[in-house]
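What you see is a predicted model; the values in this text were computed from it and never measured. Residues: numbered from 1 along the sequence shown.
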Amino acid sequence: MIDSIQEFTATVDPVWQWLAVMGAGAIPFVESYGAGPIGIVVGVTPIVAILAAIVGNIVSMAVVVLATSGARDKLTNADTPQSPRRQRFTRAFDKWGVPGVSLLGQWILPSQITSSIMVGIGASKHKVIVWQIVSIILWGVAFGALAWAAVAALRG
C-alpha cells in the first residue's frame with residue numbers, strides 16, 4: 001500500500017506536494033513533527049517535506065498569535081476563575097518561561113494553543129513567536145530526520 005501511495009506521490013507536481021505537506025503542518029496536533037514524517041513516508045523528498053511542514057506550522061502559529069493577541073485583557077481577567085488546566089499551564093509558564101514552554105510545550109498542546117495562551121497571560125507576542133519558531137524547527141527537523149532514517153532503513 002505504501003508503494004502505491006509513493007508511486008502516486010511521484011506523479012504529483014512538486015508544488016502540490018509542498019502545499020499538501022505545508023497544509024498538514026498547519027494542523028494542530030499534526031504540526032511540523034507529524035507532517036514532515038507523513039510527507040516522507042508518502043514519498044515527498046525528505047528536505048522538501050521537512051521544510052514544508054515547518055513553514056506550514058510557523059505560518060499557522062503566527063496567524064493564531066497575531067489574531068488572538070488583542071484578546072489578552074479578556075484572557076487575563078482576574079475576576080474569571082482559571083480552570084485547573086489553565087492553572088497548570090500558568091505554573092509551568094512561571095517556572096520555565098517562554099523558551100521552556102515553547103520548547104517543551106509541544107508534548108502537551110499544539111504550538112498554536114500554547115503560543116496563544118502565553119500571549120494571553122502576558123508574554124511578549126514577538127518573544128513567543130521567535131521561541132515557537134525555534135521550537136517548531138527543532139521538533140520538525142528531529143522527527144523528520146527520524147522518519148527519513150526509518151524509511152531508508154526499511155528500504156535498505
Side-chain angles (χ1 to χ4, degrees), residues 14-153:
V15 171
W16 290 110
Q17 292 176 8
W18 171 272
L19 290 172
V21 175
M22 196 170 116
I27 299 170
F29 294 105
V30 176
E31 306 201 34
S32 66
Y33 55 83
I38 290 168
I40 291 167
V41 168
V42 301
V44 176
T45 305
I47 298 296
V48 171
I50 293 168
L51 288 175
I54 288 170
V55 169
N57 196 177
I58 288 172
V59 168
S60 69
M61 176 275 305
V63 167
V64 168
V65 168
L66 295 173
T68 61
S69 65
R72 178 180 302 168
D73 292 338
K74 182 178 179 187
L75 291 173
T76 58
N77 186 348
D79 297 335
T80 305
Q82 289 186 344
S83 69
R85 179 182 239 176
R86 175 101 184 243
Q87 289 172 0
R88 283 193 306 272
F89 185 91
T90 303
R91 283 194 303 272
F93 180 76
D94 290 342
K95 182 177 181 180
W96 299 100
V98 172
V101 173
S102 294
L103 295 170
L104 301 173
Q106 292 195 28
W107 283 100
I108 301 165
L109 291 170
S111 59
Q112 297 90 340
I113 296 171
T114 305
S115 57
S116 64
I117 292 172
M118 284 191 287
V119 169
I121 62 175
S124 159
K125 68 181 174 185
H126 299 292
K127 188 173 181 180
V128 168
I129 289 172
V130 167
W131 276 103
Q132 284 292 333
I133 289 171
V134 169
S135 176
I136 289 167
I137 291 170
L138 290 174
W139 286 106
V141 169
F143 278 79
L146 288 172
W148 191 353
V151 168

Are [X] and [Y] close enough that some pair of their side-chain heavy atoms sits under 4.5 Å apart?
{"X": "Val98", "Y": "Val130", "answer": "no"}
{"X": "Met61", "Y": "Thr114", "answer": "no"}
{"X": "Ile117", "Y": "Val101", "answer": "no"}
{"X": "Ile40", "Y": "Ile50", "answer": "yes"}
{"X": "Val44", "Y": "Trp18", "answer": "no"}

To check you understand the geometry: which heavy-atom pair defines the closest contact between [X] and [Y], and what is its length?
{"X": "Ala53", "Y": "Gly36", "result": "CB-N, 3.4 Å"}
{"X": "Ser111", "Y": "Ile136", "result": "OG-CD1, 4.0 Å"}
{"X": "Gly25", "Y": "Ala35", "result": "N-CB, 3.4 Å"}

Taking [X] for the side chain and [Y] for the main chain, is one N or O donor matched with an acceptor at less than 3.5 Å?
{"X": "Ser116", "Y": "Val64", "result": "no"}
{"X": "Ser115", "Y": "Val65", "result": "no"}
{"X": "Trp139", "Y": "Leu103", "result": "yes"}
{"X": "Thr45", "Y": "Val48", "result": "no"}
{"X": "Gln112", "Y": "Ala26", "result": "yes"}

Quick one: [atom1] on [X] to [atom2] on [Y], what's the gap to the nearest 0.5 Å?
{"X": "Ile58", "Y": "Ile129", "atom1": "CD1", "atom2": "CD1", "value": "10.5 Å"}
{"X": "Phe143", "Y": "Gln106", "atom1": "CZ", "atom2": "CD", "value": "9.5 Å"}
{"X": "Leu138", "Y": "Ser102", "atom1": "CG", "atom2": "OG", "value": "11.0 Å"}
{"X": "Lys125", "Y": "Gln132", "atom1": "NZ", "atom2": "CD", "value": "15.5 Å"}

Using ring pair (Phe, Tyr, Trp, His ring centres under 6.0 Å) as the criterion, list what pairs up with Phe93, not counting sequence neighbours. none
